[in-house]
Number of protein chains: 2
Amino acid sequence: MSLRHALLGLLAERPRTGYALLKHFEGSISYVWTARHSQIYPELARLQEDGFIRQSASGPRGSKIYEITKAGLDEVRRWLRETEPERTVRSDPLLRVFLLWLLQPEEREEFLRRELEHNRAYLARLEQLGRSEPANATEQTFRFALEHGLRATRARIGWLEWALAQSPLPE
Amino acid sequence: MSLRHALLGLLAERPRTGYALLKHFEGSISYVWTARHSQIYPELARLQEDGFIRQSASGPRGSKIYEITKAGLDEVRRWLRETEPERTVRSDPLLRVFLLWLLQPEEREEFLRRELEHNRAYLARLEQLGRSEPANATEQTFRFALEHGLRATRARIGWLEWALAQSPLPE
DNA sequence: AATTGCATGTAAATTGTTACATGATTTT
DNA sequence: AAAATCATGTAACAATTTACATGCAATT
């Protein structure tokens, strides 16, 4: 279960509240994993029960500040070292590409154009992300993930331009 | 729900048994979506209940041959035209990259090397796929999806080589 | 005073995996 | 005769989403 390890990894950086963790899943982590508050809060309770995190303090407005334990740090490192990455692919946009033959050529092209638009906007967001530095222990791996996002998105844009050039249609 | 539409899309090509559909999810469709038999068979029952497919015949060994109905064809087309692709990203390998700072540089490099190996093997499988033609109505979109896979995988390989070059370490 | 953002939780439903279960036909 | 593959299903569990639910604090 990756969510546990994503939470442990974020708490390994520094203690955080559940809400702060949630915000991370709306920020840079969202480019690789997503979760809602209804999944995060119960998972934090389970991690505490398992002794991987502890509530170190209380913040304003009844917020709870969690910190990782030695067992938690061991667990996230064990997961990274000893378990095989789960590589199952599940991409709705690509599934649609597979079924695109069901549409008229003009509709197919419209779909590809929309995807191209979306990916160009996504690339712009990633480039913006790259201009705001985190500058801490996690800096190198943040750069790694960002560079992956940039290259993957540029490849997708190149592919969409190629696909659109395959079936020339009126404007 | 994408599984329904993946099944409808495959049945739009030609009538097939549940088992044949399952085999597709172990073949080329697996590059964009996966499902097990325990998910496929109940979903086929539901699609039939909803009138999107019908059992047109029985094959050998108690197999059931399903065909798509007019309503099913309309539904998959409606889905392609009117619904927004679900773009949520969930990549275990990339999440690991985000947490790689938790490991020693040598362990980090080992992780990246294994990923590189995996992606090179994956690329070889895709290139093999490209040498075996389907040659029917779905040919163009099959080529589109394959070309995407090739470009995305090459981009990933380039990124891994770049990442490994970032932190030079003894062989 | 009202709206937005902070902050946490639970319940119900859906989607997906792993395990259980059975039987026919073909290949070795 | 045994093993592999074809062929279908269900049950239990895990992961995820959507909806329900509440209250505090800061901003407009």
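Source: prediction; values computed, not measured. All chains are named by letter (A, B, ...) in the order of the sequence lines, taking the proteins before the strands, and each is independently numbered beginning at 1.
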Among dG16(C), dT5(D), dA25(D), which nucleotide sits nearest the side chain of Arg61(A)?
dA25(D)
So, Glu109(A) and Arg113(A), do they make that salt bridge, N to O below 4.0 Å?
yes
Exercise: do Gln128(A) and Arg125(A) side chains pair donor with acceptor under 3.5 Å:
no
Run the numbers on Arg143(A) and Gln166(B) for side-chain hydrogen bond (donor to acceptor under 3.5 Å, both in side chains), then give the verdict.
CA-CA 10 Å; Arg143(A) 291 286 143 210; Gln166(B) 295 300 295; over 6 Å; no
Where along residues 34-58 of chain A does a heavy atom fall under 4.0 Å from DNA chain D?
Arg36(A), Ser38(A), Gln39(A)
With the side chain of Met1(B) defined as its heavy atoms from C-beta on, choose the nearest nucleotide among dT15(C), dT16(D), dC6(D).
dT15(C)
If you look at every strand shown and take non-hydrogen atoms under 4.0 Å, does Arg4(B) touch a base, only sugar-phosphate, or nothing?
nothing
Where do Arg46(A) and Glu43(A) land on the salt bridge (Lys or Arg N to Asp or Glu O under 4.0 Å) test, with the steps shown first?
CA-CA 5 Å; Arg46(A) 255 170 272 144; Glu43(A) 192 57 44; 2.7 Å; yes
Distance test, side-chain N/O of Lys64(A) to OP1/OP2 of dG9(C), below 4.0 Å:
yes
Are any of Arg16(B)'s side-chain N or O atoms less than 4.0 Å away from OP1 or OP2 of dA7(D)?
no
Using the six-membered ring wherever Trp is involved, compare the ring planes of Trp79(B) and His5(B) and label them parallel, tilted or perpendicular (cut-offs 30° and 60°).
parallel
Picking from dT16(D), dA7(D), dG16(C), which would you name as closest to the side chain of Ser63(B)?
dA7(D)
